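Notes follow the structure.
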Amino acid sequence: MTVTVAPEEALGGRAFPPGFVFGAATAAYQIEGSVDADGRGPSIWDTFSHTPGRTVRGDTGDVATDHYRRYREDVALMADLGLSAYRFSVAWPRVLPTGAGRVEQRGLDFYRRLVDELLAAGVEPWLTLYHWDLPQGLQDRGGWADRDTAERFADYAAVVVEALGDRVQHWSTLNEPMCSALLGHRSGQHAPGLQDPVAASRAVHHLLLGHGLAAGRLRAAGVGSLGITLNFTPTHPATDAPADREAARLLDGQQNRVFLDAVVRGAYPEDVVADLAAAGAPLPVRGGDLEVIAAPLDWLGVNYYFEQTVRAGTRPPEKGETSFIGGEGVVELDPEGPTTTMGWGISPGAFTRLLQWLGERAPDLPLVVTENGSAWPDEVDGEGHVHDPERVDFLVRHLAAVVDAIDAGVDVRGYFAWSLMDNFEWARGYAQRFGLVHVDYPTQRRTVKDSGHAYAAILRQHRGRG
Ligand code: IFM
C-alpha cells in the first residue's frame with residue numbers, strides 16, 4: 001500500500017546543500033515529434049518504432065509531445081515549477097541527418113532557440129549528446145557495433161559544442177550506454193532491435209570509446225562541466241547458493257560495473273572481460289582505448305529506478321530474451337510489494353546504498369542524479385486535476401534517500417526528476433506516464449500533476465533556506 005507523505009513532512013527540517021541543482025529531464029525522441037521538420041534525417045528509433053510489433057500499440061515518436069513546436073510553452077512550465085535546471089538531449093539526426101558529413105543548420109538553430117529560451121527563463125540547460133537516436137545512416141554502416149561510429153560521435157560532439165558551447169555549460173556525452181548496447185543489441189527490446197551477443201559486446205566498447213573521444217573534443221572546446229550518465233540497477237542473489245550468487249555477479253557486471261569501471265578506473269572488470277570472452281563475444285579493445293575512455297570527468301550522472309533480485313535457472317518464456325551476454329541462465333524475479341505500471345519495484349533504501357557505493361567506487365567524482373521517477377496510470381479528473389499520490393510518495397521518498405546519502409558523506413550535487421512531462425516510453429509507447437506534467441496526447445494539453453506541485457513546493461522551500 002502506498003503511504004502518502006506531505007513533502008515538507010518527509011524531508012522535515014533536513015535540507016539539501018546550498019547550490020544543489022533541482023531539475024527535470026527529457027530526451028529528444030521521447031518528446032520532440034516533428035520527425036521530418038527542418039531536414040532531420042531518420043534515426044534508428046524511427047525505423048524501429050515503425051516496424052510492426054516492436055512497440056506497444058505500434059506507437060512511434062512521430063508527434064510525441066510536439067515539443068519541437070511547443071518548446072516555449074514547455075520552458076514556461078519549467079519556470080513556473082521553479083526548476084533551476086533542465087536536462088535534455090540533442091537529436092544527432094537533426095544536426096547531421098545521415099550521421100556524418102553535411103551539417104543541418106536548422107537543426108542546430110532549434111537547440112539554440114531552446115537554450116536561449118531556457119537561459120532567459122533562468123533555467124540552466126544540461127545537454128546530453130546521445131539519448132539513443134542514432135542516425136539510421138550510421139546504423140546502415142554497422143552502427144555501434146562498428147568502431148567508426150565512435151569517431152563519428154566525436155565529430156558530432158565537436159559540431160554541437162561549436163554551435164552551443166558559448167551558451168551551455170553542462171555537457172553529458174551518453175545517456176545509459178548499457179541500454180543502447182544491451183537492450184539494443186542483445187535482447188532486441190530497443191532499436192536497432194538485434195539479438196546478437198557479438199554486436200552487443202562491440203557496442204559496449206564502441207559507445208564507451210565514443211564517450212572518451214567526444215570528451216576530448218568537448219574539453220578542447222573549453223567545456224568545464226562534463227559528465228556521462230549511467231544507469232544502475234543494484235542486483236542481489238535470491239539465495240546464498242553459489243549459482244544464484246554467480247547469476248547476480250554476471251548481471252551486476254554488465255549492468256553496473258563494466259561502464260563505471262571503464263570510465264572512472266580506465267579498466268574493465270576482469271570477471272566481465274572473462275564472461276564476455278567465454279560467451280564468444282570479447283570486448284574489441286585496442287591499445288590506448290581505455291586511456292581515452294577514462295578521460296577526466298567533472299561529475300557522474302546516475303540514473304536509478306529500481307533494484308532487482310535474480311536466481312540461476314531456466315528463463316520462463318514470459319521473461320523474454322535476456323539482455324545480458326551469457327545471461328541465458330539467469331532469471332530476474334518479480335519484485336515483492338507494490339510496483340509501478342512498468343512493473344518495477346520501489347526501493348528508496350537501495351537508492352541511498354547505491355549512492356554510497358558509487359561514492360566509494362568513484363571517490364573524488366561528484367554525483368548528479370540525472371534521472372529518477374516512476375510511471376502511474378494518471379488521469380485528468382472532472383475538475384482538471386491530476387492526483388498522483390503514488391508519484392508524490394515516490395518522489396519524496398527518493399529525495400529523502402538522496403538526503404540520507406548526502407548526510408552519510410556522499411557528494412551529490414543535483415537531482416533531475418524523470419520526467420518533466422509524459423512522453424514516448426520507447427518500446428512501451430505512450431501507455432507509460434512518467435511526467436510531473438500530464439500530457440493529453442490528442443490535444444497536447446499540459447496539466448501539472450500533484451507531483452509537479454509537490455516538487456515545486458520542495459524547490460521553494462529549498463530556495464527559502466538557501
Ligand atoms: O524513459 C526512460 C529514459 O529515456 C531513460 N531512462 C529510463 C527512463 C524510464 O524508462
Side-chain angles (χ1 to χ4, degrees), residues 21 23-32 43-45 61 64 67-68 71 74-75 78 83 85-96 107-108 110-112 114-115 118 123-135 144 150 153-154 156-161 163-165 167-181 184 190-191 207-208 210-215 217-219 221 223-232 259 263 295 297-304 367-373 413-421 423-424 426 434:
V21 175
T26 64
Y29 189 71
Q30 295 182 271
I31 62 165
E32 286 180 358
S43 80
I44 55 174
W45 270 96
H67 172 77
Y68 193 75
Y71 70 93
D74 293 335
V75 172
M78 297 175 213
L83 303 187
Y86 173 54
R87 172 174 176 257
F88 66 98
S89 75
V90 171
W92 186 346
R94 283 201 194 281
V95 175
L96 291 138
L108 285 171
F110 166 69
Y111 295 106
R112 198 175 285 132
L114 170 64
V115 165
L118 289 163
V123 180
E124 194 69 32
W126 285 60
L127 185 154
T128 299
L129 283 164
Y130 185 70
H131 198 125
W132 306 355
D133 42 2
L134 185 73
W144 287 111
F153 180 61
Y156 156 64
V159 170
V160 181
V161 77
L164 300 176
R167 296 161 159 84
V168 176
Q169 278 189 35
H170 308 285
W171 292 74
S172 172
T173 52
L174 304 176
N175 178 73
E176 302 183 355
M178 175 269 163
C179 296
S180 302
H190 280 189
L207 278 151
L208 285 166
H211 154 76
L213 293 169
R217 306 289 276 271
L218 296 171
R219 287 295 193 211
V223 167
S225 171
L226 175 60
I228 183 172
T229 290
L230 303 178
N231 55 312
F232 295 96
F259 297 96
V263 165
L297 298 178
D298 301 299
W299 47 271
L300 174 69
V302 179
N303 290 2
Y304 169 77
L367 307 179
V368 177
V369 177
T370 34
E371 284 182 30
N372 173 240
R413 303 275 176 96
Y415 176 94
F416 288 79
W418 184 269
S419 175
L420 173 68
M421 59 184 145
N423 57 50
F424 175 73
W426 307 110
F434 274 93

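Values in this document were obtained by computation on a predicted structure and should not be read as measured data. Hydrogens, waters and symmetry mates are skipped; everything else that's a heavy atom, side chains included, is used.
- Within the 4.5 Å cutoff, the side chain of Leu118 has no heavy atoms near those of the Arg167 side chain.
- Among residues two or more places apart in sequence or in another chain, the salt bridge (Lys or Arg N to Asp or Glu O under 4.0 Å) test is passed with Glu371 by Arg87.
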I would like to know whether Val368 and Leu300 meet side chain to side chain contact (heavy atoms under 4.5 Å, CB included); could you show each step before the answer?
-> CA-CA 6 Å; Val368 177; Leu300 174 69; over 6 Å; no
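- Taking the side chain as every heavy atom from C-beta outward, Met78 and Leu420 approach each other to under 4.5 Å.
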Let me see the working for Trp426 and Cys179 under side chain to side chain contact (heavy atoms under 4.5 Å, CB included), right down to the final yes or no.
-> CA-CA 11 Å; Trp426 307 110; Cys179 296; over 6 Å; no
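- With values rounded to the nearest 0.5 angstrom, Asn303 atom CG is found 4.0 Å from Thr370 atom OG1.
- With Tyr71 as the fixed residue, the ring pair (Phe, Tyr, Trp, His ring centres under 6.0 Å) test singles out one of Phe88, Phe110, Tyr86: Phe110.
- Checking side-chain atoms of Glu176 against main-chain N and O of Leu230 turns up no donor-acceptor pair under 3.5 Å.
- Within the 3.5 Å criterion, the main-chain N or O of Leu129 finds a donor-acceptor partner in the side chain of Tyr156.
- Residues meeting the salt bridge (Lys or Arg N to Asp or Glu O under 4.0 Å) test with Asp133, sequence neighbours left out: none.
- The closest side-chain heavy-atom distance from Val302 to Phe232 is below 4.5 Å.
- Side-chain contact between Val161 and Val223: present, with at least one pair of heavy atoms (C-beta onward) separated by less than 4.5 Å.
- Between Ile31 and Asp74, the closest side-chain pair of non-hydrogen atoms is not below 4.5 Å.
- A donor-acceptor pair is defined here as one N or O able to donate and one able to accept, closer than 3.5 Å; no such pair exists between the side chain of Asn175 and the backbone of Thr229.
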Let me see the working for Leu164 and Arg112 under side chain to side chain contact (heavy atoms under 4.5 Å, CB included), right down to the final yes or no.
-> CA-CA 7 Å; Leu164 300 176; Arg112 198 175 285 132; 4.0 Å; yes
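- Within the 4.5 Å cutoff, no side-chain heavy atoms of Leu207 are placed close to those of Phe259.
- At least one side-chain heavy atom of Val21 sits under 4.5 Å from a side-chain heavy atom of Phe416.
- Residues Leu127 and Tyr111 are not in side-chain contact: their nearest non-hydrogen atoms beyond the backbone lie 4.5 Å or more apart.
- Between atom CZ of residue Phe434 and atom CG of residue Asn372 there is a gap of 10.0 Å, rounded to the nearest 0.5 Å.
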Check step by step if side-chain hydrogen bond (donor to acceptor under 3.5 Å, both in side chains) holds for Ser172 and Trp126.
-> CA-CA 8 Å; Ser172 172; Trp126 285 60; over 6 Å; no
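- With rounding to the nearest 0.5 Å, the separation of CH2 in Trp144 from CH2 in Trp132 is 14.0 Å.
- Here the CG atom belonging to Leu297 is positioned 15.0 Å from the CH2 atom belonging to Trp171, to the nearest 0.5 angstrom.
- The backbone N or O of Ala25 lies less than 3.5 Å from a partner atom in the side chain of Ser419, making a donor-acceptor pair.
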